[in-house]
Amino acid sequence: MKRSISAALAALTVSTALCGTAFAGDKGNVPVTLETNSSNQVIRAYGMIGSARNSADTKQIISCFISAAANSLHAGCEAQNAAGNNTMCMSTNANIVAAVQSVGPDSYIDFTRDSSGNCTGLYVANGSPTAVKQP
C-alpha cells in the first residue's frame, strides 16, 4: 500500500513538472489612454469598459452611444483618463454607427478622431480577455 501511494505521488510530481501550471484563461486590463499628436490634440482613445469601472480612481470613463433623429442615426464615443483629460467624437457614418452598435457592457473600445471631433475609426472587441466590471 505504501509503495503504491509513493508511486502515485512520484507520478503526479513528474506529470506536474512536465505539464506546467494550468491557468484559467487570458485576462486583460487596459486603462483609458489618450494619445495626442504633435499639437497636443487627442487623436486616439482606447481602453476597456471593465478596467475603467474597476479603476482605483474616480475619473476613468470610456463609452460609446447612439441616438436617432428623424431620418438619421448619430453615434459617438467618449473617453476620460485617470488624470481627468477627456475627448469625444461624433459620426453619422454608417460604418461607425454599426461598430457602435456592437459595444457591449464589458467591451474594449479604441477610437480615432480628427481635429474637428469627427470619429474617423472605431474598433470594438468583445471576448473573454476583456475585464469584467465589478460592483
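Counting from 1, the numbers follow the sequence of the chain as shown. Quick caveat, the model's predicted, so the values are computed rather than measured.
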Test: disulfide (SG to SG under 2.5 Å). Region: residues 91-123. Which pairs qualify, not counting sequence neighbours? C89-C119
Mind checking whether I66 and V97 have side chains closer than 4.5 Å, heavy atoms only? yes
Under a 3.5 Å distance rule, please check whether N85 uses its side chain to pair with a backbone N or O of N81 as donor and acceptor. no
Could you please spell out the steps behind the side chain to side chain contact (heavy atoms under 4.5 Å, CB included) verdict for Q101 and L73? CA-CA 11 Å; Q101 290 174 325; L73 291 174; 4.3 Å; yes
When rounded to the nearest 0.5 angstrom, what distance separates CD in Q80 from CG in D57? 9.0 Å
Taking all non-hydrogen atoms of both residues, which atom of A82 and which atom of K59 are closest, and how far apart? O-CG, 3.4 Å
Joint cluster assignment, F111 & M90, ILVMFWY side-chain distance < 4.5 Å: no
Do M48 and D106 have side chains that approach each other closer than 4.5 Å (heavy atoms only, starting at C-beta)? no
Within the side chain of S72, is there an N or O that forms a donor-acceptor pair under 3.5 Å with the backbone of A69? no
For N126 and S102, which heavy atoms make the closest approach, and how far apart are they? ND2-O, 2.9 Å
So which atom in V132 and which in N54 form the shortest heavy-atom distance, rounded to 0.1 Å? O-ND2, 3.0 Å
So do I49 and V103 actually touch side chain to side chain, heavy atoms under 4.5 Å? yes
side-chain hydrogen bond (donor to acceptor under 3.5 Å, both in side chains) partners of residues 89-98, not counting sequence neighbours, each pair once: none
Please work out whether the ring planes of Y108 and Y123 are parallel, tilted or perpendicular, with thresholds of 30° and 60°. perpendicular
Going by atom types alone, do D114 and T120 pair a side-chain donor with an acceptor below 3.5 Å? no
Are I61 and V32 close enough, and set up right, to give a side chain to side chain contact (heavy atoms under 4.5 Å, CB included), and what steps lead you there? CA-CA 7 Å; I61 297 168; V32 177; over 6 Å; no
Assess the side chains of S63 and E78: does a donor N or O sit below 3.5 Å from an acceptor N or O? yes
Judged by atom type as modelled, is there a donor-acceptor pair below 3.5 Å linking the side chain of S55 to the main-chain atoms of Q60? no
Any side-chain to backbone donor/acceptor pair from E35 onto R44? Under 3.5 Å, distance only. no
The complete set of disulfide (SG to SG under 2.5 Å) pairs with one or both residues in residues 35-70, sequence neighbours excluded, reads C64-C77
Would you check if F65 and H74 make a side-chain contact, meaning some heavy-atom pair closer than 4.5 Å? no
Can you name the nearest heavy-atom pair linking A125 to T130, along with the distance? O-CG2, 4.0 Å
Once rounded to the nearest 0.5 Å, what's the spacing between atom OG1 of T36 and atom CD1 of I43? 7.0 Å
